[in-house]
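Each remark here refers to the structure printed beneath this line.
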2 protein chains.
Amino acid sequence: MSTLDRRDIDILFAIAETNSFSTETIHEATDIPKSTVHYRIQSLKDEGVVENDLFELDRERIGLAITVISEVWAEYGEGYHEEIGTKLSAIEGVNQVYFTMGDTDFVVIARLTSRDMVERLVEDYESIDEIRRTSSKFAITTIKEDVGVSVLRNYEPETLLAAQGISEESVSEE
Amino acid sequence: MSTLDRRDIDILFAIAETNSFSTETIHEATDIPKSTVHYRIQSLKDEGVVENDLFELDRERIGLAITVISEVWAEYGEGYHEEIGTKLSAIEGVNQVYFTMGDTDFVVIARLTSRDMVERLVEDYESIDEIRRTSSKFAITTIKEDVGVSVLRNYEPETLLAAQGISEESVSEE
DNA sequence: ATTGAAACTTGATCGTT
DNA sequence: AACGATCAAGTTTCAAT
């Protein structure tokens, strides 16, 4: 259960930025020798920081222990939601932004390291002119978080197969 | 912009289930020849269904065009939130479940293929005894969704480096 | 823990059906 | 589009530091 050092972090960032985790690519992006990149990634996997070959992370180990879910109400003209959404997206720690219909305008999910960072998040919300009101709650536990390809774990193949028929073609009368 | 057939779906499911996308592993899991697995995965990438080497998916193309965000209120004794959370997690299409503090008990995010599936989701909520009330809204657009390793894209390396110091060791006085 | 170079495994290519 | 055989490329190992 050792801590991550700058090199681990650099490697993980390089993976996220290059969208690749080939030892070759990460070597080129970081100037860390291939064999060391390999060794470090292996260690991260052994220790469980990287949870599988799909590079899902143990967020706690990365230091992102706090999850904040915010509802955001904004005032905006035609087409401005894109712009406000982009501003929300740019706040450090924000990793999901949904533009919603109904009583709320945006739902934002952020992963943060500390109380300080939570305060900063709220300040950053308030610094956006168009934003009228926000309401945030903490997630005590993330019970489930399937993302990327792994979302598929919770569907029947038939459900998605059926969706293909519906989305592209008219109803076929086989 | 062709549709996905059963083979594409089988390959994607195999990736999600085995947590791996080596042609070798997928070949073993599906009995589809290596070169065909390779060919199909390449096609999925070329067409943008698979968006990068981290296997982030274009959810629209997979048929999961609808995003529903639900707040769920429940009645439960000590330690029962785990159980209810598990029930929520098991509903087809649910891919994020947060147990929250404050006015709501759970926040659930589901990705669905059709209106029918939305109705089914709500019915499934209601079929859970402990659940008192739910409130769902649709996301019109997913403006940002960084998940897995890619969450790192929105942090300064220093932020996470600092978090390491805090989480594991006492303050060092270098 | 780090590294360069060697050994090997795998993914990518090619030509055929 | 599917596939088996071939080859290039990248990954993993190894021994030294």
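Letters go in sequence order (proteins before strands), and every chain restarts at 1. In this text, all values refer to a predicted model and were calculated from it rather than measured experimentally. Worth knowing before you read on, the calculation uses all heavy atoms, side chains too, and leaves out hydrogens, waters and symmetry mates.
A donor-acceptor pair under 3.5 Å is formed between the side chain of B/Ser43 and the backbone N or O of B/Tyr39. Side-chain N or O atoms of B/Asn154 include none that pairs as donor or acceptor with a backbone N or O of A/Asn95 at under 3.5 Å. Of the possible polar contacts, one joining the A/Arg153 side chain to the B/Ala16 backbone as a donor-acceptor pair under 3.5 Å is found. Formation of a donor-acceptor pair under 3.5 Å by the B/Glu75 side chain with backbone atoms of B/Arg132 is not found in this model.
Listed here is the closest heavy atom pair of B/Tyr125 and B/Ser136: CE1-OG, 4.1 Å.
Bracketed by its first and final contacts, the part of DNA chain C lying under 4.0 Å from non-hydrogen atoms of chain B reaches from C/dG11 to C/dT13 in 5' to 3' order. First and last contacting nucleotides of DNA chain D toward chain B (any atom under 4.0 angstrom from a heavy atom, 5' to 3' order): D/dA1 to D/dG4.
Recorded end-axis angle for the helix from C/dA1-D/dT17 to C/dT17-D/dA1 stands at 30°, based on five pairs per end and rounded to 10 degrees.
Considering only residues two or more places apart in sequence or on other chains, A/Phe99 meets the ring-ring contact (aromatic ring centres under 6.0 Å, His included) condition with A/His81, A/Phe106. A/Phe13 pairs by the ring-ring contact (aromatic ring centres under 6.0 Å, His included) definition with nothing, not counting sequence neighbours.
Across all strands, A/Lys34 comes closer than 4.0 Å to base atoms (heavy-atom distances). Note on A/Ser43: nothing from the nucleic acid sits closer than 4.0 angstrom, heavy atoms only. Residue B/Ser35 is in base contact, counting any heavy-atom pair closer than 4.0 Å across all strands shown.
Within the 4.5 Å cutoff, side-chain heavy atoms of A/Leu121 are placed close to those of A/Val94.
Paired with A/Arg111 under the rule side-chain contact (heavy atoms from CB on, under 4.5 Å), one option of A/Val68, A/Thr142, A/Ile66, A/Ile62 passes, and it is A/Thr142.
Taking Ile, Leu, Val, Met, Phe, Trp and Tyr as hydrophobic and joining them when side-chain heavy atoms fall under 4.5 Å apart, one finds B/Trp73 isolated, its cluster having no other members.
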